[in-house]
Amino acid sequence: LGIWDDPKSATVVDLDQWAELVDKVSEIDGRPAFAIDVPPDRSAASIAASGRRFDGLEHIELVEQRRGTGWVVDRMRDLVKRWRPVCPVAIDATGPAGSLIAPLNEAGIETLSISTREMAQACGGFVDAVAEGRLRHLGQAKLTAALAAARKRPLGDAFGWRRFDNTDISPLVAVTLARFAYAAHGGDTRKRQRTGKVW
């Protein structure tokens, strides 16, 4: 009815259902997509990856989260060189991570600017994939904590992620963007040699 959820209400994604999607040995089969996110206070940054598993299911993972943002360009350069991602690195251009676009480009790392409309599509697609059991994750504590702290932020008739408390939800935003980038910009579902976990 146009009334948004009470921020104190249940999480956007059922955490019991999320737990059922844990696969500690899950890994990407082929080349991944990467994404970066930064919380509003710029206290940390998160890099995430997404891709397809050997069985065709989606795989998402938090590659790294560290304090500050000064480490991101060097780490991303190494990841791109090693894994040859299927598309440029996804970043919410209107969010705090947007400031990293210029230094990444100067370092020779292509970026994919995600619009507000695409962010809404990415969040909706993530929720659908969890509900339908189409993805697997490694059960990483930081990612689960971010999901538990995330609530809906209205974006027109759709939604994006927002924090319920002071928890850094950049791991969730990053995996959401990585999944969207893989699906929308070059995801390859053909069988490839197993490459293993990115992190």
Side-chain angles (χ1 to χ4, degrees), residues 4-5 7 9-37 46-65 83 85-87 90 92 112 114 117-155 157-164 167-199:
W4 287 93
D5 295 339
S9 64
T11 57
V12 180
V13 169
D14 184 286
L15 295 182
D16 289 335
Q17 189 171 32
W18 175 253
E20 292 175 359
L21 303 179
V22 172
D23 181 350
K24 294 290 188 180
V25 297
S26 183
E27 58 188 34
I28 294 171
D29 169 38
R31 295 158 55 200
F34 289 109
I36 300 168
D37 193 57
S46 296
I47 298 174
S50 181
R52 289 281 178 183
R53 294 162 29 121
F54 216 74
D55 58 8
L57 290 173
E58 301 173 25
H59 171 96
I60 56 170
E61 67 182 84
L62 176 64
V63 177
E64 192 159 355
Q65 183 193 44
W83 296 101
V86 296
C87 63
D92 177 3
L112 176 66
I114 302 299
R117 178 179 61 83
E118 289 173 322
M119 174 61 80
Q121 293 172 350
C123 291
F126 180 91
V127 170
D128 289 347
V130 172
E132 296 165 11
R134 290 188 278 111
L135 63 76
R136 296 292 183 270
H137 62 95
L138 301 172
Q140 296 165 295
K142 290 180 178 179
L143 179 54
T144 298
L147 187 63
R151 298 296 185 271
K152 292 180 179 179
R153 172 171 60 92
L155 294 176
D157 292 332
F159 71 93
W161 298 122
R162 71 178 177 86
R163 297 188 298 176
F164 168 59
T167 303
D168 177 9
I169 66 168
S170 65
L172 173 62
V173 177
V175 298
T176 300
L177 293 177
R179 181 190 169 276
F180 176 82
Y182 185 89
H185 298 277
D188 189 347
T189 59
R190 292 175 299 176
K191 301 296 183 184
R192 291 179 180 270
Q193 182 178 356
R194 195 179 301 272
T195 54
K197 298 179 182 67
V198 175
W199 67 281

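- V63 and A48 make their closest contact through CG2-C, 3.8 Å (heavy atoms, listed as atom of the first residue, atom of the second, distance).
- Annotation: salt bridge (charged side-chain N to carboxylate O under 4.0 Å, His left out) contacts involving residues 138-148, sequence neighbours excluded, are absent.
- Of the inter-residue distances, the one linking D29 atom CG with D55 atom CG reads 9.0 Å to the nearest 0.5 angstrom.
- Counting heavy atoms from C-beta outward, R136 and L21 have side chains that approach closer than 4.5 Å.
- S50 pairs by the side chain to side chain donor-acceptor pair (under 3.5 Å) definition with nothing, not counting sequence neighbours.
- Across all non-hydrogen atoms, the minimal contact from A178 to A49 is CB-C, 3.9 Å.
- Here CG of L172 is found 9.0 Å from CG of D37. Values are rounded to the nearest 0.5 Å.
- With rounding to the nearest 0.5 Å, the separation of CE in M119 from CG in D92 is 4.0 Å.
- A distance of 9.5 Å separates CD of E27 from CG of L138, quoted to the nearest 0.5 Å.
- No donor-acceptor distance shorter than 3.5 angstrom exists from the side chain of R153 to the backbone of F159, with no hydrogens or angles considered.
- With sequence neighbours left out, the side chain to side chain contact (heavy atoms under 4.5 Å, CB included) criterion links E118 to I114, S115, Q121, F180, H185.
- Here the side chains of L62 and S46 are in contact, with some heavy-atom distance below 4.5 Å.
- Looking only at distances, a side-chain donor or acceptor of R162 sits under 3.5 Å from a matching main-chain atom of K152.
- The two atoms that bring A90 and A181 nearest to each other are CB-CB, 3.9 Å, heavy atoms only.
- We find the CH2-CD1 distance between W83 and I28 to be 7.5 Å, quoted to the nearest 0.5 Å.
- Applying the side chain to side chain contact (heavy atoms under 4.5 Å, CB included) criterion to T167, with sequence neighbours excluded, gives A149, D165.
- Of all heavy-atom pairs between A33 and V86, the closest is CB-CG2, 4.1 Å.
- For the pair Q65/I47, no side-chain contact is recorded, criterion being any heavy-atom separation below 4.5 Å from C-beta on.
- With sequence neighbours left out, the side chain to side chain contact (heavy atoms under 4.5 Å, CB included) criterion links V22 to K24, H137.
- Rounding to the nearest 0.5 Å places CG of L143 at 4.5 Å from CH2 of W18.
- Every residue two or more places apart in sequence or in another chain that forms a salt bridge (charged side-chain N to carboxylate O under 4.0 Å, His left out) with R134 is listed here: E58, E132.
- Contact check for D128 versus V130: no side-chain heavy atoms found under the 4.5 Å cut-off.
- Taking all atoms of both residues into account, the shortest heavy-atom contact from Q17 to A131 is NE2-O, 3.1 Å.
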